[in-house]
Asks: 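Let me give you the structure first, and then I'll get to my questions.
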Amino acid sequence: VDFCCTHRPEQSTVLQDAALPLESCVRVERVRAITCSTLVADYGVPHYAKIDIEGPLGITCLESMAKDVGSRPLLVSIEMPILHELISSSEDDLLAKHLRIVLRTLILRYIPGAKIYRWERVIAMDRWTLERAVFLNMTLEVLHGKMGYRHYKVVRQAVYQSRFQVFTRPDLRIGVIEDQGASGPFGDVAIDWKVGRKWRAVAQVLYDLLVETRPAETLRDWFDLHASA
């Protein structure tokens with residue numbers, strides 16, 4: 001596959017699935033690739049799988065493991081992509097219709113009996129919500145539907161800062177934490193951003209990821225969705 005290498009190595013990804021534009025690539029390398037299910041077959045089923053692959057390739061990884069029930073880790077997490085682009089007025093009608101269809105599918109599938117009109121009152125009808133709803137629909141179809149995970153946590157990365165830089169001047173020495181988070185603990189000791197170590201049902205985390213995490217994500221805060229059987 002063609003691999004896009006960026007200035008930020010941790011954001012490098014397969015070119016065809018890149019969330020970043022081609023011009024963000026410092027260079028493109030042709031590399032050998034294998035599926036996540038092949039990794040499991042070669043090295044055994046992991047206790048915990050952290051899926052942190054930029055773009056939709058993370059869902060492809062989950063789907064490959066979902067094909068064999070024996071490949072399912074006890075615990076798994078996947079990073080929520082940060083979205084910023086809002087729809088323009090010329091796109092408003094078309095995207096709003098698409099969003100309503102995706103939302104109805106997502107909400108009615110995982111929250112039986114939910115009143116759709118109540119959700120539409122509090123959800124911003126824009127591209128951010130549409131892309132998030134599409135991502136959640138695809139992710140939960142695999143996690144919840146094919147792999148059978150029933151317990152979830154929304155984990156905030158910002159509380160696990162992993163980078164610290166020191167800037168020095170003759171008269172001043174300042175330590176600055178960059179706007180980068182880390183994954184933190186996993187499994188039962190992972191900290192859900194609302195209820196601590198407790199696991200929650202899928203219906204409870206949906207509202208968070210469609211509405212409540214957005215202000216923090218707009219400020220470049222990242223979230224992981226953790227799942228357990």
Side-chain angles (χ1 to χ4, degrees), residues 10-11 13 17 19 36 45-66 71-84 102-103 105-111 114 119 123-124 128-162 180-229:
E10 71 274 17
Q11 291 183 350
T13 187
D17 292 315
C36 290
V45 180
H47 179 74
Y48 164 59
K50 172 177 169 53
I51 312 299
D52 190 359
I53 310 171
E54 302 299 319
L57 202 60
I59 299 173
T60 304
C61 175
L62 288 174
E63 287 178 334
S64 73
M65 291 192 290
S71 298
R72 187 188 74 175
L74 178 65
L75 304 161
V76 67
S77 70
I78 186 167
E79 188 176 72
M80 292 291 103
I82 284 186
L83 310 167
H84 295 291
V102 174
L103 279 177
T105 302
L106 182 64
I107 294 169
L108 293 179
R109 177 178 294 170
Y110 299 107
I111 314 177
W119 282 75
I123 291 179
W128 189 100
T129 305
L130 173 60
E131 294 185 6
R132 173 53 54 86
V134 168
F135 183 85
L136 286 173
N137 225 347
M138 296 169 61
T139 302
L140 291 175
E141 182 177 354
V142 182
L143 286 178
H144 198 83
K146 297 179 181 179
M147 303 181 81
Y149 294 111
R150 291 295 181 268
H151 304 93
Y152 298 88
K153 294 181 183 180
V154 177
V155 177
R156 193 171 197 165
Q157 292 188 10
V159 295
Y160 305 107
Q161 291 284 0
S162 61
Q180 295 295 312
S183 301
F186 60 88
D188 288 338
V189 294
I191 306 300
D192 180 270
W193 80 312
K194 279 190 174 179
V195 298
R197 293 187 177 186
K198 295 180 181 179
W199 292 94
R200 295 193 282 164
V202 64
Q204 295 174 304
V205 301
L206 264 183
Y207 183 78
D208 287 16
L209 293 172
L210 284 170
V211 179
E212 295 200 341
T213 62
R214 180 168 180 166
E217 291 184 73
T218 302
L219 297 174
R220 302 296 297 175
D221 200 348
W222 296 80
F223 289 82
D224 292 313
L225 178 64
H226 288 242
S228 173

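Excluded from the calculations below are hydrogen atoms, water molecules and symmetry mates; all remaining heavy atoms, backbone and side chain alike, are included. Numbers here are sequence positions counted from 1.
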Asks: Under the side chain to side chain contact (heavy atoms under 4.5 Å, CB included) criterion, do Leu140 and Leu206 qualify, and how do the steps go?
Replies: CA-CA 10 Å; Leu140 291 175; Leu206 264 183; 3.9 Å; yes

Asks: Rounded to the nearest 0.5 Å, what's the gap from CG on Leu130 to CD1 on Ile123? Could you check?
Replies: 11.5 Å

Asks: Looking at CG of Leu62 and SG of Cys36, how far apart are the two atoms once the value is rounded to the nearest 0.5 Å?
Replies: 7.5 Å

Asks: Between Glu131 and Trp128 (side chain of the first, backbone of the second, donor and acceptor by atom type, cut-off under 3.5 Å), is there such a pair?
Replies: no

Asks: Can you list the steps and then say if Glu79 with Ile51 is a side chain to side chain contact (heavy atoms under 4.5 Å, CB included)?
Replies: CA-CA 7 Å; Glu79 188 176 72; Ile51 312 299; over 6 Å; no

Asks: Working note: Ser228 + Tyr152, criterion side-chain hydrogen bond (donor to acceptor under 3.5 Å, both in side chains); need CA distance, chi angles, decisive distance, verdict.
Replies: CA-CA 6 Å; Ser228 173; Tyr152 298 88; over 6 Å; no

Asks: Hey, mind stepping through Phe186 and His47 against side chain to side chain contact (heavy atoms under 4.5 Å, CB included) and telling me if it holds?
Replies: CA-CA 10 Å; Phe186 60 88; His47 179 74; 4.2 Å; yes

Asks: Just how far is it from atom CD1 of Ile78 to atom OG1 of Thr139, taken to the nearest 0.5 Å?
Replies: 4.5 Å

Asks: Can you name the residues that form a side-chain contact (heavy atoms from CB on, under 4.5 Å) with Ala216, not counting sequence neighbours?
Replies: Arg156, Asp221, Phe223

Asks: In chain order, what residues pass the salt bridge (Lys or Arg N to Asp or Glu O under 4.0 Å) check against Asp192, with sequence neighbours excluded?
Replies: Arg200

Asks: State the CG-CD distance between Leu57 and Glu63, to the nearest 0.5 angstrom.
Replies: 10.5 Å

Asks: For the residue pair Ile191 and Arg197, establish whether any side-chain heavy-atom pair is separated by less than 4.5 Å.
Replies: yes

Asks: Could you tell me whether the side chain of Met80 reaches within less than 4.5 Å of the side chain of Leu209, counting heavy atoms only?
Replies: yes

Asks: Sequence neighbours excluded, which residues qualify as ring-ring contact (aromatic ring centres under 6.0 Å, His included) partners of Tyr110?
Replies: His144

Asks: Considering residues at least two apart in sequence or located in another chain, which fulfil the side-chain hydrogen bond (donor to acceptor under 3.5 Å, both in side chains) criterion with Glu212?
Replies: Lys194

Asks: Looking at residues at least two apart in the chain, or sitting in another chain, which of them share a ring-ring contact (aromatic ring centres under 6.0 Å, His included) with Trp199?
Replies: none

Asks: Is there side-chain contact between Leu210 and Leu106, with at least one heavy-atom pair below 4.5 Å?
Replies: yes

Asks: I'd like to know if the side chain of Arg132 reaches the main chain of Pro81, judged simply by a donor and an acceptor atom lying under 3.5 Å from each other, with no hydrogens or angles considered.
Replies: yes

Asks: What is the distance from atom CZ of Arg109 to atom CD1 of Ile111, rounded to the nearest 0.5 Å?
Replies: 12.5 Å

Asks: Could you tell me whether a side-chain N or O of Lys153 sits under 3.5 Å from a main-chain N or O of Asp224, the two making a donor and an acceptor?
Replies: no

Asks: Do you know the tightest heavy-atom contact between Ala133 and Val102?
Replies: CB-CG1, 3.6 Å

Asks: Report the residues that fulfil salt bridge (Lys or Arg N to Asp or Glu O under 4.0 Å) with Arg72, sequence neighbours left out, ordered by chain and then residue number.
Replies: none

Asks: Who are the side-chain hydrogen bond (donor to acceptor under 3.5 Å, both in side chains) partners of Tyr207, not counting sequence neighbours?
Replies: none

Asks: Residues in side-chain hydrogen bond (donor to acceptor under 3.5 Å, both in side chains) with Thr213, at least two apart?
Replies: Glu217

Asks: Examine distances only and state if a side-chain atom of His226 and a backbone atom of Ser77 form a donor-acceptor pair shorter than 3.5 Å.
Replies: no

Asks: Can you list the residues that meet the side-chain contact (heavy atoms from CB on, under 4.5 Å) rule with Pro73, with sequence neighbours excluded?
Replies: Pro46, Ala49, Met65, Met147, Tyr149

Asks: Listed by chain and number, what are the salt bridge (Lys or Arg N to Asp or Glu O under 4.0 Å) partners of Lys146, not counting sequence neighbours?
Replies: none

Asks: Return the minimal non-hydrogen interatomic distance between Ala190 and Val155, and the atom names on each side.
Replies: CB-CG2, 4.2 Å

